[in-house]
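Below: the structure, in structure tokens.
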Protein chains: 2
Amino acid sequence: MTTRTSRTDRAARNDRALLEAARAVLAEDGAHASVAAIAARAGVGIGSLYRRYRTKEELFQRLAVLSLEHWNEAAEEGLADPDPWAGLAGFVTACVEFGQGTLAPIAGAVEVSDEMDAASRRGDDLLDALVRRAQDAGVLRPDVAAVDVALLIEQLGRSPLVDQLRKQGRDDLLPAAVRARARLVAIALDGLRPGAPGGLPGDPPGEELFTGRWA
Amino acid sequence: MTTRTSRTDRAARNDRALLEAARAVLAEDGAHASVAAIAARAGVGIGSLYRRYRTKEELFQRLAVLSLEHWNEAAEEGLADPDPWAGLAGFVTACVEFGQGTLAPIAGAVEVSDEMDAASRRGDDLLDALVRRAQDAGVLRPDVAAVDVALLIEQLGRSPLVDQLRKQGRDDLLPAAVRARARLVAIALDGLRPGAPGGLPGDPPGEELFTGRWA
DNA sequence: TTACACCGGAGCGAATCGCTCCGCAAGTCT
DNA sequence: AGACTTGCGGAGCGATTCGCTCCGGTGTAA
């Protein structure tokens with residue numbers, strides 16, 4: 001049997017491909033990523049891109065919303081885990097693997113909508129809850145602040161390890177790079193557990209440092 | 001008394017300013033950093049830049065050499081420390097604060113000279129010694145490889161926390177960003193100490209993943 | 001004062017940018 | 001089946017930015 005692909009099916013698939021391509025190109029090229037590069041990677045014409053998103057900014061804004069939504073969903077899944085440590089660790093891992101932080105280059109460029117602002121505040125609250133629950137259970141060192149965890153995710157989530165290799169066409173090394181990043185995450189997570197000999201230097205930084213807030 | 005500045009003094013100062021500016025702009029703008037931006041930040045005319053470095057590539061190559069030299073000097077200082085842990089921790093801290101890893105965007109672009117190749121291999125050996133000494137002393141978890149430490153430095157050394165804020169002109173937040181980064185380094189270092197409940201996932205990755213090798 | 005080494009930046013051609021517009025292929029209706 | 005309609009792809013637009021050259025101006029040394 002031959003499966004017919006309707007026009008709307010095709011449009012939806014193009015949209016998904018565009019968003020995924022945009023994330024990849026943005027991670028590789030930074031804030032100056034061109035729409036031509038995004039369309040090419042998605043296997044889509046420039047015209048199709050501009051029918052779906054009227055400007056480059058509109059596409060980037062959509063991307064930011066998706067990023068915030070993923071953050072919040074991952075945090076909710078973490079809170080649903082009965083084990084406080086596993087919940088926090090799973091959240092951090094999910095965010096790093098998703099590439100949370102690869103959008104940082106455009107954080108100051110896109111205009112913040114009300115929707116983004118609300119999602120961002122909700123993400124703050126969810127992370128706070130995740131951190132406080134782990135600390136109350138005694139499985140997270142008490143001197144780390146929620147913003148420390150957020151910055152850790154942002155820092156490890158943008159991955160030269162993965163994105164840059166892909167840009168250079170070294171696709172053969174990609175699986176190794178993903179494994180290497182997982183090891184770094186494991187090291188950082190171990191550093192978050194209680195029992196460290198010394199405390200953290202300085203006071204916790206202000207929340208405004210975290211570009212992932214988009215607000 | 002008025003201090004006379006000779007022509008050669010001025011030239012030397014311009015050269016230092018150019019290199020520092022190049023590092024800063026490269027960290028902020030990525031691989032597509034323009035020579036105009038570098039010259040402007042250095043407070044120097046484009047003409048002066050092109051008298052000292054005949055092409056953009058030549059400037060970037062010089063930058064890579066400086067980066068390798070700093071790595072090796074920091075590693076030697078670490079080995080000179082009688083305390084194996086303090087030596088390793090100091091090395092990591094020095095490399096992160098120097099911004100080792102901010103040059104990663106151009107790692108695949110500049111041509112590798114024999115000088116760079118030799119310095120790179122020497123850097124590998126120094127790091128190996130640093131890691132092995134700490135593990136033999138029992139102050140570094142045995143399941144981390146030297147390349148894990150190298151990747152950690154590269155990942156934390158490129159600092160959106162610092163560079164991106166500077167690009168956005170938020171100089172007021174810079175000290176806070178530096179402190180925040182120091183806290184992340186402290187967390188990661190604690191994760192490198194022995195006594196973690198679980199081991200690291202997967203095998204240590206191959207050395208070829210570390211772009212800082214420049215070879 | 002004269003001579004000149006060095007500096008700064010206007011401006012070159014080439015490349016790339018975001019974006020528009022239209023010819024064409026492929027589902028949908030009669 | 002044939003006409004209609006919808007959405008796709010990419011050539012090409014003006015504007016911008018790129019790396020780099022080249023020369024008039026500036027300030028030091030003699």
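Here is the naming used below: chain letters follow the sequence lines, and residue numbers restart at 1 for every chain.
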Discussion item. Within the 4.0 Å limit for protein heavy atoms, which parts of nucleotides 16-22 of chain C are touched? Write it as a string from 5' to 3', B for base, S for sugar-phosphate only, - for none.
Written reply: -SSBB--

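- Side-chain nitrogen and oxygen atoms of Ser48(A) include at least one within less than 4.0 Å of the OP1 or OP2 phosphate oxygen of dG9(D).
- We find that OH of Tyr53(A) is positioned 12 Å from P of dC8(D), with the value rounded to whole Å.
- Aromatic ring centroids of Phe210(B) and Trp71(B) lie under 6.0 Å apart.
- For the pair Lys56(B) (side chain) and Ala33(B) (backbone), a donor-acceptor distance under 3.5 Å is present.
- Asn14(A) contributes no side-chain N or O that, together with a main-chain N or O of Val44(A), makes up a donor-acceptor pair within less than 3.5 Å.
- Asp15(B) places its CG atom 14 Å from the P atom of dC6(C), with the value rounded to the nearest Å.
- A salt bridge is absent between Glu28(A) and Arg23(A); no separation between the charged side-chain nitrogens and carboxylate oxygens falls under 4.0 Å.
- Annotation for Gln135(A) and Asp143(A): closest pair NE2-N, 4.5 Å, computed over non-hydrogen atoms.
- Across the protein-nucleic acid pair, Arg41(A) atom CZ and dG9(D) atom C1' stand 19 Å apart, rounded to whole Å.
- In this structure, His70(A) and Phe98(A) have parallel ring planes: the angle between them is below the 30° cut-off, well short of the 60° mark.
- Distance, Arg13(B) CZ to dC7(C) P: 10 Å, rounded to whole Å.
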